[in-house]
Amino acid sequence: MTIERRLARAEFTLTRDYPVPVERAWDAFAEEDQKLGWWGAGDAMEPGEWVFDFRVRGRDIAEGTFHDGPVSRYEATYTDIVEHVRIVTTYDMWLDGVHMSTSVASLEFEPIKEGTRFTHVEHGVFFDQFWADGPGREEGTRGLLKALGNYLA
């Protein structure tokens, strides 16, 4: 089987207002027990390997198997952390061991009168057979931000 070699790029910005102080929203990312409470929450996957190392140059890994489906693997490196202000990561995704994409994501936390304005900006490169998956990544991130909102509520 020949794989067509190609690249596609996708970028998106998602902004959500959460009715909690910045410190509370921040801790949902910075504290392992809290991140486990919402990241990948739900019964769509059987959890696998998990690594949490929240520091500049630290790495996170989240792997899981979709029920009756493929294994998804996320590996991130933190490149910049400014407490209560921003988190910047680069991350790679694999699906059943095949490298799917590489992304840069910035997460910004801004205090507003009603709580926290959270902004996720992502720039991704999708490889070969995954070239059309950019819109799916945005939809998956929307799901994560919904799970975060439910966790913070």
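Worth saying up front: this structure is predicted, and the values here are computed from it rather than measured.
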(message) Would you say the rings of Phe29 and Tyr78 are close, in the sense that their centroids are separated by under 6.0 Å?
(response) no
(message) Once rounded to the nearest 0.5 Å, what's the spacing between atom CG of Asp27 and atom CG of Asp33?
(response) 9.0 Å
(message) Between Phe52 and Met93, is there shared hydrophobic-cluster membership here, with clusters defined by ILVMFWY side-chain heavy atoms closer than 4.5 Å?
(response) yes
(message) So for atom CZ, which belongs to Arg55, do other residues, nucleotides or ligands contribute more than 12 heavy atoms lying within a distance under 6.0 Å?
(response) yes
(message) Quick check for you: to the nearest 0.5 Å, what is the distance between Glu138 atom CD and Glu11 atom CD?
(response) 10.5 Å
(message) Just verifying a value: how many Å separate Ser101 OG and Phe127 CZ, rounded to the nearest 0.5 Å?
(response) 7.0 Å
(message) Please determine whether residues Tyr151 and Leu14 belong to a single hydrophobic cluster, defined as Ile, Leu, Val, Met, Phe, Trp and Tyr linked transitively by side-chain heavy-atom distances below 4.5 Å.
(response) yes
(request) Measure from the side-chain N and O atoms of Thr116 to the backbone N and O of Val22, and report whether any donor-acceptor pair falls under 3.5 Å. (result) yes
(request) Examine His120 together with Phe12 and report whether their ring centres are nearer than 6.0 Å. (result) yes
(message) In this structure, would Phe54 and Leu36 fall into the same cluster of hydrophobic residues linked by side-chain contacts under 4.5 Å?
(response) yes
(message) Could you check whether any side-chain N or O of Asp60 sits under 3.5 Å from a backbone N or O of Asp53, counting only pairs where one atom can act as donor and the other as acceptor?
(response) yes
(request) Verify the distance criterion only: is there a donor paired with an acceptor across the side chains of Trp50 and Glu32 at less than 3.5 Å? (result) yes
(message) Test your reading of the model: is there a side-chain donor-acceptor pair from Asp128 to the backbone of Arg6, 3.5 Å cut-off?
(response) yes
(request) Evaluate the side-chain proximity of Trp94 to Val71: yes if any heavy-atom separation is below 4.5 Å, no if none is. (result) no
(message) Quick check: is Phe109 connected to Val20 through a chain of hydrophobic side chains (ILVMFWY, heavy atoms under 4.5 Å apart)?
(response) yes
(request) Give, for atom CD of Glu110 and atom CD1 of Ile112, the distance between the pair rounded to the nearest 0.5 Å. (result) 7.0 Å
(request) For the pair Arg73 and Glu75, find out whether any cationic side-chain nitrogen is under 4.0 Å from an anionic carboxylate oxygen. (result) yes
(message) Please determine whether residues Leu107 and Ile81 belong to a single hydrophobic cluster, defined as Ile, Leu, Val, Met, Phe, Trp and Tyr linked transitively by side-chain heavy-atom distances below 4.5 Å.
(response) yes
(request) Assess the pair Trp39 and Tyr74: is the distance between their ring centroids shorter than 6.0 Å? (result) yes
(request) Nearest 0.5 Å please: distance from the CG atom of Asp80 over to the OG1 atom of Thr90. (result) 11.5 Å
(request) To the nearest 0.5 angstrom, please state how far the CD atom of Glu23 sits from the CD atom of Glu83. (result) 8.5 Å
(message) Has Thr79 got a side-chain atom pairing as donor or acceptor with Val88's backbone, closer than 3.5 angstrom?
(response) yes
